[in-house]
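Data block below; observations after.
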2 protein chains.
Amino acid sequence: MTQTHTDRIDDLDQDLSVFLGYEMKRALSLIQADLARVLGELGLRAVSFSALTVIVQTPGLTQSALADALQIERSNLVTLIDELSERNLIVRAPVAGDRRRHALMPTAEGQRLARVAGAAVAAHEDRLFAGLTEEERRELQRLLAKFRRTA
Amino acid sequence: MTQTHTDRIDDLDQDLSVFLGYEMKRALSLIQADLARVLGELGLRAVSFSALTVIVQTPGLTQSALADALQIERSNLVTLIDELSERNLIVRAPVAGDRRRHALMPTAEGQRLARVAGAAVAAHEDRLFAGLTEEERRELQRLLAKFRRTA
DNA sequence: TATTGTTATACTCTATAACTATA
DNA sequence: TATAGTTATAGAGTATAACAATA
């Protein structure tokens, strides 16, 4: 019933917690910190993991299509693709009939790393969301997806 | 049952949607874009709204305490406090017995703007989350808070 | 010695404009 | 003329180190 001194200090932002966006930002901050650590051990950033995953699942897509999918600017994708290429995780393949475009293809090593990293990210989420029941976690996922569809 | 061409293009990142963190990032991105627009009309950024709100609710707190509450660096708080002070929304008041510290106090104008901005943010969330039922929205809020407590 | 506020700075992310080569 | 990839660059946001004043 009574709060300790520490509780009060930690709750100075409680008036912001009535806003869903604020709670979500704080929640995402926790997730991203742990995710960065997990992916960092594999030499990946969150955005390079995302790009690699989409390329593995949609081989042959162009840089513009990938930029649209991940909602990042084409220009900012260039160095990211450079990184993945230099590590031999993907290749820029020519597109027959349009020499402007590059078809992004995963290498065998890229496919392997995508599998390993995907498992690592799944484990990271299992660990972080252990405080929620399976049903609560599924419901959170459903509500976020519904929000994204309807907002 | 069948997907249109546009659906397929928009769903290139569906393999990432299995990750809660990715869905949350996309959801938060929608929220923040609208929030920036709403608060921008009042001359505020999200972070200055947060700071002002905490100062109004916890008058007299120090810059270090505010930095802890909002999880931003003390050093990065300085220009933010400068901004709010120059707009006469808050004042840095001396603390009796410790001349190192500043007690952050809202002005009458700061209290007024905090009320107006708080109402605007509430309306922004009502609008954005109109696609969810009241119960779903409350559940989303509860699950995010539970995650933050247990992660 | 430690803490508060401050300054300076560097690093990452993101957004925009302009270029090239192709279509 | 328009598009895909690229380059350069500027602006946020964030993190770190060091300093002056004070405890």
Side-chain angles (χ1 to χ4, degrees), chain A residues 9 12 21-22 25-26 28-30 32-33 35-37 39-40 43-51 55 58 60-86 90-105, chain B residues 9 12 21-22 25-26 28-33 35-37 39-40 43-51 55 60-86 90-105:
Chain A
I9 284 180
L12 282 186
Y22 183 77
K25 183 183 174 187
R26 295 294 288 258
L28 186 59
S29 174
L30 290 172
Q32 286 176 327
L35 180 66
R37 185 184 57 72
L39 287 176
L44 291 172
R45 293 176 295 148
V47 67
S48 48
F49 167 72
S50 298
I55 293 168
T58 320
L61 86 170
T62 64
Q63 291 184 196
S64 291
L66 181 58
D68 285 349
L70 297 180
Q71 291 200 145
I72 62 185
E73 293 297 321
R74 285 198 319 276
S75 59
N76 292 328
L77 196 61
V78 176
T79 53
L80 176 54
I81 297 298
D82 287 346
E83 276 176 36
L84 295 175
S85 297
E86 280 156 22
I90 65 169
V91 294
R92 287 176 167 103
V95 171
D98 192 341
R99 295 200 300 181
R100 293 173 305 181
R101 303 186 182 203
H102 299 159
L104 301 175
M105 305 290 298
Chain B
I9 284 179
L12 282 186
Y22 183 77
K25 183 183 175 185
R26 295 292 288 256
L28 185 60
S29 174
L30 290 172
I31 295 172
Q32 287 177 327
L35 180 66
R37 184 184 59 71
L39 288 175
L44 292 173
R45 293 176 295 148
V47 68
S48 47
F49 166 73
S50 297
I55 293 167
L61 86 170
T62 64
Q63 291 183 198
S64 290
L66 180 59
D68 285 349
L70 298 181
Q71 291 201 145
I72 62 185
E73 293 296 320
R74 284 197 322 277
S75 59
N76 293 327
L77 196 61
V78 176
T79 53
L80 176 54
I81 297 297
D82 286 346
E83 277 177 35
L84 295 175
S85 296
E86 281 156 22
I90 65 169
V91 294
R92 287 175 167 105
V95 170
D98 191 341
R99 295 199 301 180
R100 292 173 306 180
R101 304 185 181 203
H102 299 159
L104 302 174
M105 305 290 298

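Source: prediction; values computed, not measured.
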> Considering only heavy atoms and no angle criterion, is a donor-acceptor pair shorter than 3.5 Å present between the side chain of B/Arg74 and the base of C/dT4?
Replying inline: no

> Looking at A/Gln63, does any N or O in its side chain come under 4.0 Å of the phosphate oxygens OP1/OP2 on D/dT6?
Replying inline: yes

> Looking at D/dT3, does its base get a donor-acceptor pair with the side chain of A/Ser64 below 3.5 Å?
Replying inline: no

> Closest heavy-atom contact between B/Ala65 and A/Leu12?
Replying inline: O-CD1, 4.0 Å

> In whole angstrom, what separates A/Glu73's CD from C/dA18's P?
Replying inline: 15 Å

> Taking CG from B/Asp82 and C1' from C/dT4, how many angstroms apart are they, rounded to a whole number?
Replying inline: 15 Å

> Checking A/Ser48 side chain against A/Leu44 main chain: does a donor-acceptor pair fall under 3.5 Å?
Replying inline: no

> B/Asn76 has an atom CG; how far is it from atom P of C/dT9, in whole Å?
Replying inline: 15 Å

>> Both B/Arg100 and A/Ser75 contact DNA chain C. Which one's nearest nucleotide lies toward the 5' end?
In response: B/Arg100

>> Judged by each residue's nearest nucleotide on DNA chain D, which is more toward the 5′ side, B/Ile72 or B/Asp98?
In response: B/Ile72

>> If you compare all heavy atoms of B/Glu73 against all heavy atoms of B/Ala67, which two are closest, and at what distance to 0.1 Å?
In response: C-CB, 4.3 Å

> How is B/Arg101 classified with respect to the nucleic acid when contacts are heavy atoms under 4.0 Å: base, sugar-phosphate, or nothing?
Replying inline: sugar-phosphate

>> Please give me the minimum heavy-atom distance between B/Leu28 and A/Lys25, naming the atom from each residue.
In response: CD2-CA, 3.7 Å

>> Could you tell me how far apart B/Arg45 (CZ) and D/dT14 (C1') are, to the nearest whole angstrom?
In response: 12 Å

> Whole Å only: how far is the CG atom of B/Leu61 from the P atom of C/dT3?
Replying inline: 19 Å

> How long is the line joining NZ of A/Lys25 and P of D/dG13, in whole Å?
Replying inline: 9 Å

> Between B/Leu104 and B/Arg92, which heavy-atom pair has the shortest distance, and what is it?
Replying inline: CD2-CG, 4.1 Å

>> Tell me the interatomic distance from B/Arg99, atom CZ, to C/dT4, atom P, rounded to whole angstroms.
In response: 17 Å

>> Please report the distance, rounded to the nearest Å, between CD in B/Glu83 and P in C/dT6.
In response: 14 Å

